[in-house]
There are 2 protein chains.
Amino acid sequence: MRILIVEDEKKIADSLRKNFNDEGFDTKVCFDGSDALEVISKEKFDLILLDWRLPEITGVEVCKRIRNANNRTPVILLTALSNISNKVEALNCGADDYITKPFSFEEVLARVNALIRRYKFSQNMIEFEKMSLNLITHTLETETGSIKLPEMEFELLKYFLENQDRIVSREVLCEDVWKLKYTPTTNVVEVTVKNLRKKLEEYSSNKFIKSVYGEGYLFISN
Amino acid sequence: MRILIVEDEKKIADSLRKNFNDEGFDTKVCFDGSDALEVISKEKFDLILLDWRLPEITGVEVCKRIRNANNRTPVILLTALSNISNKVEALNCGADDYITKPFSFEEVLARVNALIRRYKFSQNMIEFEKMSLNLITHTLETETGSIKLPEMEFELLKYFLENQDRIVSREVLCEDVWKLKYTPTTNVVEVTVKNLRKKLEEYSSNKFIKSVYGEGYLFISN
DNA sequence: AACAATAATGAAAAAATTTTCATTATTAAT
DNA sequence: ATTAATAATGAAAATTTTTTCATTATTGTT
């Protein structure tokens, strides 16, 4: 996950960056609004953390401009002020959430994760580990690239993601994914699992699809 | 579009049914709540119009049970009462909208259409005429049946639906739908248009895809 | 360690989809 | 009405995807 931190107080910016990096996020920092807008127009982020008080352009203004450019990237505003009118202004400018300083990193992290998850869901994406499956385009998207899955591999992966941490037998897969009333005499399922595994391995060393001897498969992502 | 009208006052029920039928809707009427629940469990509707005051089970109770059965079909409650606490109760039971009697059919129609459109959109469906294209399953759904479109036909139809009433040239289609940088020497576009037209014709006598000589294609649905 | 059951694999076969191509039909302009 | 350009069509070729099959590998049990 890639986060843009827009914060002019170097101490806070550094602390956020370090903490997010430790959590496995990819971060980028901007110290003022115009710099941020420039970066946002060129690069893609999963979330933008935006300080309210910034030199020149305010965070609220930056947020408005992001939305005017038809960019729906989740935005969280950070502010020292906690009165309600500010809160209203924050949400009116198109921000998705609002955190008042001083904050604990745990709070920021929780809100960031919740917002990213919510956004991906609304975008018809199911995320797992550092990848996500786009239900509309049928692409498997990662930080390093994306591939379009053929239909049966897509359907299988989608099914696994909807049934994580649960053993699914071949019979169930035949019925739910392949829509067969009878269990086939051949091993279509195994072959498709093999091909899907190969593609997943190209992007992660995680073994997502485990085999449970005599039972079926088990998809685990964390 | 198929609407279920649940209303015990025969006069109102008949009037609604007649008006909706005239507008081209398919309607079904139930006179009490348990009858409605029975029907809803078996048949699929695009919307349910539910009277608050019903013999035995109230409309609010019916609505709750529909939602408990994990059915998200849009529900509009009809009521003679217009105080706020009722309105709150209505929306809390899982209804999507609320109309107070007496109402004009125009008002009902407007709300019904708005709600159906909103719901389909949230379900990743694009509707046109009496059909809808499911963006997740890639199926073209009609009242009489549904078929899964092969990928290129799906992409093409989706593009047409997003660009209705606008002439799109072959060059643009090659770029946007086929993702080609060059215009092909062959007529892939024409062939795919032909096949898509054939499938659309199976469900409607409307000629959705018009050819504009020397310019391109024009998709019109109403 | 040996065995039988279960699972994984590579490659071929079959099926479905997409693209190409040759031909016919339609359009707009003269 | 003729003509040249554009569009539609059927069918074949090429490509991609899905399924099958024979073989090898792995697992759990004795």
Side-chain angles (χ1 to χ4, degrees), chain A residues 133 137-140 147-160 167-202 206-220, chain B residues 133 137-140 147-160 167-202 206-220:
Chain A
L133 181 66
T137 61
H138 295 192
T139 50
L140 182 63
I147 42 162
K148 175 150 195 168
L149 295 180
E151 193 166 315
M152 295 317 291
E153 287 174 37
F154 166 78
E155 294 291 346
L156 180 63
L157 178 53
K158 174 160 168 263
Y159 190 84
F160 276 139
I167 293 175
V168 288
S169 68
R170 282 141 231 275
E171 291 72 42
V172 166
L173 289 174
C174 285
E175 203 173 316
D176 293 354
V177 179
W178 272 264
K179 315 287 182 201
L180 301 171
K181 311 151 242 333
Y182 51 91
T183 309
T185 57
T186 62
N187 65 344
V188 226
V189 177
E190 284 88 337
V191 175
T192 310
V193 165
K194 183 199 75 180
N195 294 330
L196 178 58
R197 273 176 172 153
K198 200 164 108 191
K199 286 185 186 156
L200 291 172
E201 275 166 21
E202 286 174 24
N206 252 32
K207 301 269 177 257
F208 294 106
I209 308 172
K210 314 227 179 296
S211 299
V212 182
Y213 192 85
E215 305 265 314
Y217 296 103
L218 180 57
F219 191 98
I220 299 176
Chain B
L133 181 66
T137 60
H138 295 190
T139 50
L140 183 62
I147 41 162
K148 175 149 194 168
L149 295 179
E151 193 165 316
M152 295 317 290
E153 287 172 36
F154 166 78
E155 294 292 347
L156 180 62
L157 177 55
K158 176 160 166 263
Y159 190 83
F160 276 139
I167 294 175
V168 287
S169 68
R170 280 144 233 275
E171 291 72 43
V172 166
L173 288 174
C174 286
E175 202 173 315
D176 293 354
V177 179
W178 272 265
K179 313 289 181 201
L180 300 171
K181 311 151 241 334
Y182 51 92
T183 309
T185 56
T186 62
N187 65 344
V188 228
V189 178
E190 284 88 338
V191 175
T192 311
V193 165
K194 183 197 75 179
N195 295 330
L196 179 57
R197 273 176 173 155
K198 200 163 105 189
K199 285 184 188 159
L200 291 172
E201 276 166 19
E202 286 174 24
N206 252 32
K207 301 269 178 257
F208 293 106
I209 307 171
K210 314 225 181 298
S211 298
V212 183
Y213 192 86
E215 305 266 311
Y217 296 101
L218 180 58
F219 191 98
I220 298 177

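Just so we're on the same page: letters track the sequence lines, and every chain starts at 1.
Spacing between atom CG of A:Leu196 and atom C1' of C:dT9 amounts to 15 Å, rounded to whole angstrom units. One atom, NZ of A:Lys148, and another, P of D:dT15, lie 20 Å apart when rounded to the nearest Å. The distance from atom NZ of A:Lys210 to atom C1' of C:dT6 is 19 Å, rounded to the nearest whole Å. Between A:Lys194 atom NZ and C:dA12 atom P there is a gap of 12 Å when expressed in whole angstrom units. Between B:Phe154 atom CZ and C:dT17 atom P the separation is 15 Å, expressed in whole Å. Whole-Å rounding puts the A:Leu218 CG to C:dA7 P distance at 13 Å. Protein atom CD1 of B:Ile209 is 14 Å distant from nucleotide atom P of D:dA7, rounded to whole Å. As a whole-Å value, the separation of B:Leu156 CG from C:dT19 C1' is 15 Å.
Here the shortest heavy-atom pairing between B:Lys207 and B:Glu201 reads NZ-OE2, 3.8 Å.
Residue A:Val193 is the one, among A:Val193 and B:Val191, whose nearest nucleotide of DNA chain C lies closer to the 5' end (criterion: closest heavy atom). Nearest-nucleotide positions on DNA chain D place A:Glu153 closer to the 5' end than the other of A:Asn187 and A:Glu153. For the pair A:Leu149 and B:Glu190, nearest-nucleotide mapping onto DNA chain D gives the more 5' position to B:Glu190.
Contacts of A:Glu151 with the nucleic acid, taken as non-hydrogen atoms under 4.0 Å apart, involve only primed sugar atoms and P, OP1 or OP2. Heavy atoms of B:Val189 sit nowhere under 4.0 angstrom from any nucleic acid atom.
For B:Glu155 and B:Lys179, the salt-bridge test fails: no basic side-chain N is under 4.0 Å from an acidic carboxylate O.
Below the 3.5 angstrom threshold, one finds a donor paired with an acceptor across the side chain of A:Tyr213 and the base of C:dA5. The base of D:dT17 has none of its N or O atoms less than 3.5 Å from a complementary donor or acceptor on the side chain of A:Asn195.
For A:Val188, whose side chain is taken as the heavy atoms from C-beta onward, the closest listed nucleotide among D:dT19, C:dT18, D:dA8 is D:dT19. For B:Tyr217, counting side-chain heavy atoms from C-beta on, the closest listed nucleotide (D:dA8, D:dT9, C:dT19) is D:dA8. Among the nucleotides C:dC21, C:dT18, D:dC21, the one closest to any side-chain atom of B:Met152 is C:dT18.
With contacts defined as side-chain heavy-atom distances shorter than 4.5 Å, the pair B:Pro150/B:Lys199 qualifies. A heavy-atom distance below 4.5 Å is found between the side chains of B:Val189 and B:Trp178. Contact annotation: the side chain of A:Leu156 never approaches that of A:Leu149 to less than 4.5 Å [non-hydrogen atoms, C-beta and beyond].
Heavy atoms of other residues, nucleotides or ligands lying less than 6.0 angstrom from CD of A:Glu175 number 12 at most.
An OP1 or OP2 oxygen of C:dA8 is reached within less than 4.0 angstrom by a side-chain nitrogen or oxygen of A:Ser211.
Contacts between residues 168-179 of chain A and DNA chain D, counted as heavy-atom distances below 4.0 Å, involve A:Trp178.
Taking the six-membered ring where the residue is Trp, A:Phe160 and A:Tyr217 present perpendicular rings, their angle passing 60° and hence far from 30°. Under the 30°/60° scheme for interplanar angles, the aromatic rings of B:His138 and A:His138 are found to lie parallel.
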